[in-house]
Peer 1: 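Just dropping this structure here.
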Amino acid sequence: MEGTGQELLADLTPAQQAAVTQIDGPLLILAAAGSGKTRVITRRVAWLLQQGVRASNILAITFTNKSAGEMRQRVDALVPGNRVMIRTFHSLGANILRQYADRFELDRNFTIYDTDDRNKIVKSSLEAAGLDNSQFTPDRVGGTISKAKNQLITPVQYAKDAEDYYTQTVAKVYPIYQKKLRESNAMDFDDLLYLPALALRTNEELRADLDARFRYILIDEYQDTNQSQYEIARKLSVDYRNLCVVGDPDQSIYGWRGANIKNILDFERDFPDTRVVMLDKNYRSTKMILHAAGSLIEHNTQRKKKALITDNDTGIPVQILTFDTGLDEADQVVSRIKQAVAAKKHKYRDTAIFVRINALTRTLESAFVKYSVPFQIVKGLAFFERKENKDVLAYLRLLVNPRDDLSFMRSVNEPARGVGKTSLEHLRSFAESHELCLSDACEHVTSISAIKGKAATGLKAFLKLIKELRGLLEHAPEEIIKAVIEQTGYKEMLKSSNDPDDQDRLANVEELVTAARQFSVENPAASLGDFLEQITLASDVDAWDDQQDCVSVMTLHSSKGLEFPIVYVMAVEEGILPHERSLRDTKGDEKEEERRLLFVGMTRAMKELNLTHARLRDFRGQTLYAIPSGFLNELPEDAIEHHVVSRHAGRTIAHDTWRGGNDHADHAWEETGVNPSGPVVTSSARTTTDKADYFSGQIVQHDQYGIGQVTHINGFGALRKMKIRFVQHGEKTFIVDKVKLKAVPK
DNA sequence: CTAAACACTGTTTTT
DNA sequence: CAGTGTTTAG
């Protein structure tokens, strides 16, 4: 009925309305950061339903499960009770593979292997191929295979193209790896896209089926799709070409995992009759923030030029904060947040801290504890990656998929059942020669002469246990997990342990039960397999609790799609952001991606944006000089404000010198050119506050230890330390300010 | 077969 | 410096 949907459009701009109502044919929505994209997408789905499109004919693809859930909620609020399919690409792939399991010659209860699992299979594949894996690490080879799959390169094709020694080696491992996965009835992350994509290419019947089923397709974050995802999108839009993709090339940050920015840049070429809608008005950030972020991204060469505009307030300049050390940085950032909240300026939940690398969250964690500021580190997987939880999950996986040999190996002797390495090796070779999975080989344990005594009894007991537990598979996941931790003796093992950490581990394992219970509340009919799938396909942000009043800490990658009134981006330093590994790329593509990464982080901020860096940063146990990121120099002077927060003289003093890059001593840090990735071995005469200027290699005399040679100097001010190797007493560390030394002339 | 000591190694980002 | 994998002793 005409008019019924009008209220869906009432509060939208003309451009947004166009994006919502243009339902037929290919549509490209270029949505700048903060342009109300989520709103447009949900309205569009609701609009389709209003226009009479059947829910079962709509497919919406999001980047994380969390955004899928949110979208489902929002659409449901607009059109209650609809059954629109909203999923991530990986979850869609898993769904297709399970539904059409027979066509893929799969058992529908397949296990999804994560990167860790993948590397273990790669390792055994390397061994099976008789290759010395010291040269080619499973990690590296696994990454290469993953990349190949993302580009839809089959093992056969890969072997054809292999030219150098490394690729030829991978070419040998790749088919073995795939075979092993199949034997275990397991899929890795890439298979979830790769297999459906290839099938859509070769199996016309399947393709036509799915195309007709998903007549209206909507893909969010299209700039981060890879080749397999692209293929899936295209093949599902042949007969029904109602493909709507939404994205922003400036926010493409997953190139390293195969995402191809060309997918969005070339969309109009792929679908010549594409309508393009630009959403360029920003409703999120202040003019200052937008101006700064816009100037930064202008430095990218491969880019569609695009202005960022907003009607919002001017706001305050972007704050660039310089600290002496990474420790100070964490300390002061948390302290500032605490003060702002105490001053009733806002709540903890209004603030987010973004970091380039997870390692940086460690120092933050202690600062939060020190100031008792509530926080959450958004790293969902961490919980399920704990050893104890992985152990329990291995049991669960084995219950669902008996052929999962990896999970068999993990669980068979945990808790200890007297089944050791050698017995397992016998079992394995028996299984191999009889072409059985380990579970089935276990059935014949009495006929394997090499396994006897404790090991044989243990294996029999294990098999019996698994069979019994498998009888519970129809129960709620929560019940099964409870039974597993009880009946396997896992609980008892932890309970009776005298290692105090084991009580925490027990609590974690029991938390798993709670997680399953929660899952069942949200998905009442879901099986244990569904629960396992959800866990493995979960992203970090999926575990983010946006209800709690606490500061959120996450990586820049995880921050995509979110917004916060106050944002801190930490360690904006050369080597970290841009990351040093991105600088090895000569084309500069990777550096541009790093710039986009900072751009994404900056554009999350609504009111206040802080970019921080330190002069010294502890890295892998040693202290290194840190140079402010070159990206900071790309920000316009009229949108930023520098603050040096230093405690040189023992007390904290804040002053905003080196503003505008004038020739102040602090500025010299930008030009020292010290390689942040290597230890500092020069005397660094610029640290003029120190009374004595020692240098590395210098020969000195100490009152007590005698003659020695300076091997290292690092640190700053009162923290400045040096190492001296003495002829008689070995290496000692001193605080430069305190130690009394005499220089020995050469 | 298990546990504990040991050396080694390697650090972006994630579905 | 930590987490992993390997060696060694019980």
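Chain A is the first sequence line, chain B the second, and so forth, proteins listed ahead of strands; every chain is numbered from 1.
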Peer 1: What do you reckon, do A:W256 and the base of B:dT13 stack, with centroid distance below 5.5 Å and planes below 30°?
Peer 2: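 Yes, the aromatic ring of A:W256 stacks with the base.
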Peer 1: From the set B:dT13, C:dT6, B:dT15, return the single nucleotide nearest to any side-chain atom of A:F189.
Peer 2: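 Per side-chain heavy atoms of A:F189, the pick is B:dT15.
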Peer 1: Test side chain to side chain donor-acceptor pair (under 3.5 Å) on A:D405 and A:S184 and set out the steps.
Peer 2: CA-CA 6 Å; A:D405 283 358; A:S184 298; 4.7 Å; no
Peer 1: Atom CG of A:L360 to atom P of B:dT11: distance rounded to whole Å?
Peer 2: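 Rounded to whole Å, this separation is 17 Å.
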Peer 1: Within the pair A:T422 and B:dC1, is there a side-chain N or O less than 4.0 Å away from OP1 or OP2?
Peer 2: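 Yes.
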Peer 1: Angle class for the A:F408/A:F462 ring planes (parallel below 30°, perpendicular above 60°, tilted otherwise)?
Peer 2: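 Perpendicular: the ring planes of A:F408 and A:F462 meet at over 60°.
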Peer 1: Using whole Å, what does the distance between atom P of nucleotide B:dT14 and atom CD of A:Q229 come to?
Peer 2: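 Value for this atom pair: 16 Å.
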Peer 1: Take A:S423 and A:A359, find for each the nucleotide of DNA chain B with the closest heavy atom, and name the residue whose nucleotide sits nearer the 5' end.
Peer 2: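 Closer to the 5' end of DNA chain B: A:S423.
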Peer 1: Tell me, please, which residues at least two apart from A:Y100 pass ring pair (Phe, Tyr, Trp, His ring centres under 6.0 Å).
Peer 2: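 Partners of A:Y100 under the ring pair (Phe, Tyr, Trp, His ring centres under 6.0 Å) test: none.
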Peer 1: Tell me the interatomic distance from A:L193, atom CG, to B:dT15, atom P, rounded to whole angstroms.
Peer 2: 13 Å
Peer 1: Give, for atom CG of A:D114 and atom NZ of A:K120, the distance between the pair rounded to the nearest 0.5 Å.
Peer 2: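 With rounding to 0.5 Å, CG (A:D114) is 8.0 Å from NZ (A:K120).
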Peer 1: Nearest 0.5 Å please: distance from the CD1 atom of A:I217 over to the CZ atom of A:R234.
Peer 2: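 Between A:I217 CD1 and A:R234 CZ, I get 12.5 Å after rounding to 0.5 Å.
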Peer 1: In whole angstrom, what separates A:L192's CG from B:dT15's C1'?
Peer 2: 8 Å
Peer 1: When the aromatic ring centroids of A:W256 and A:H557 are compared, is their separation below 6.0 Å?
Peer 2: yes
Peer 1: Does A:A359 have any side-chain contact (heavy atoms from CB on, under 4.5 Å) partners at least two apart in sequence or in another chain, and if so, which?
Peer 2: A:I357
Peer 1: Once the angle between the rings of A:Y166 and A:F136 is folded into 0 to 90°, is it parallel (under 30°), tilted (30 to 60°) or perpendicular (over 60°)?
Peer 2: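 A:Y166 vs A:F136 ring planes: tilted.
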Peer 1: Between B:dT13 and C:dT4, how far is it from one P atom to the other, in whole Å?
Peer 2: 15 Å
Peer 1: In Å and rounded to the nearest 0.5 Å, what is the CD to CG distance from A:E231 to A:N150?
Peer 2: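 Separation between the atoms: 13.0 Å.
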Peer 1: Does the pair A:K491/A:E388 count as a salt bridge with the N-to-O cut at 4.0 Å?
Peer 2: no
Peer 1: Is it the case that A:Y113 and A:T536 place a side-chain donor and acceptor less than 3.5 Å from each other?
Peer 2: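 On atom types as modelled, these side chains do not qualify, holding no pair under 3.5 Å.
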Peer 1: Expressed as a whole number of angstroms, how long is the span from A:R581:CZ to B:dT11:P?
Peer 2: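 The distance from CZ of A:R581 to P of B:dT11 comes to 7 Å, rounded to the nearest Å.
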Peer 1: Describe the nucleic acid contact of A:F89 in one word from base, sugar-phosphate, nothing, applying a heavy-atom distance below 4.0 Å.
Peer 2: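 Nothing, no heavy atom under 4.0 Å.
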Peer 1: Calculate the interatomic distance between A:E385 atom CD and B:dT14 atom C1'; express it in whole Å.
Peer 2: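 The distance from CD of A:E385 to C1' of B:dT14 comes to 10 Å, rounded to the nearest Å.
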Peer 1: For DNA chain B, produce a single dot-bracket line, 5' to 3'. Pairs: Watson-Crick or G-U wobble, both distances under 3.5 Å. Symbols: ( ) within strand, [ ] crossing, | other strand, . unpaired.
Peer 2: ||||||||||.....
Peer 1: Does anything in residues 60-70 of chain A come within less than 4.0 Å of DNA chain B? Heavy atoms only, and list the residues if so.
Peer 2: none
Peer 1: Nucleotides 2-10 of chain B: which of its N/O atoms have a protein N/O under 3.5 Å away?
Peer 2:
from, atom 1, to, atom 2, distance (Å)
B:dT2, OP1, A:N413, ND2, 3.4
B:dT2, OP1, A:G418, N, 3.2
B:dT2, OP2, A:N413, ND2, 3.1

Peer 1: Applying salt bridge (charged side-chain N to carboxylate O under 4.0 Å, His left out) as the test, list every pair that has at least one member in residues 357-366 of chain A; sequence neighbours left out.
Peer 2: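 Matches after skipping sequence neighbours: none remain.
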Peer 1: Starting at CE of A:M187 and ending at C1' of B:dT15, how long is that distance when rounded to a whole Å?
Peer 2: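 In whole Å, B:dT15 C1' lies 16 Å from A:M187 CE.
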Peer 1: Does the base of B:dT15 carry an N or O that pairs as donor and acceptor with the side chain of A:T115 under 3.5 Å?
Peer 2: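 It does, because a donor-acceptor pair links the side chain of A:T115 to the base of B:dT15 below 3.5 Å.
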Peer 1: Tell me the closest heavy-atom pair linking A:Y254 and A:E593, and the distance in Å.
Peer 2: N-OE2, 3.6 Å
Peer 1: Please classify the nucleic acid contact of A:R362 as base, sugar-phosphate, or nothing, using heavy-atom distances under 4.0 Å.
Peer 2: sugar-phosphate
Peer 1: Is the shortest side-chain N/O distance from A:N358 to OP1 or OP2 of B:dT11 below 4.0 Å?
Peer 2: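 For B:dT11, OP1/OP2 do not have a side-chain N/O of A:N358 under 4.0 Å.
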Peer 1: Please report, rounded to the nearest Å, how far the P atom of B:dT15 is from the CG atom of A:N150.
Peer 2: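 The distance from CG of A:N150 to P of B:dT15 comes to 14 Å, rounded to the nearest Å.
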Peer 1: Pick the closest DNA chain B nucleotide for A:R257 and for A:A455 by heavy atoms, then say which residue is nearer the 5' end.
Peer 2: A:A455
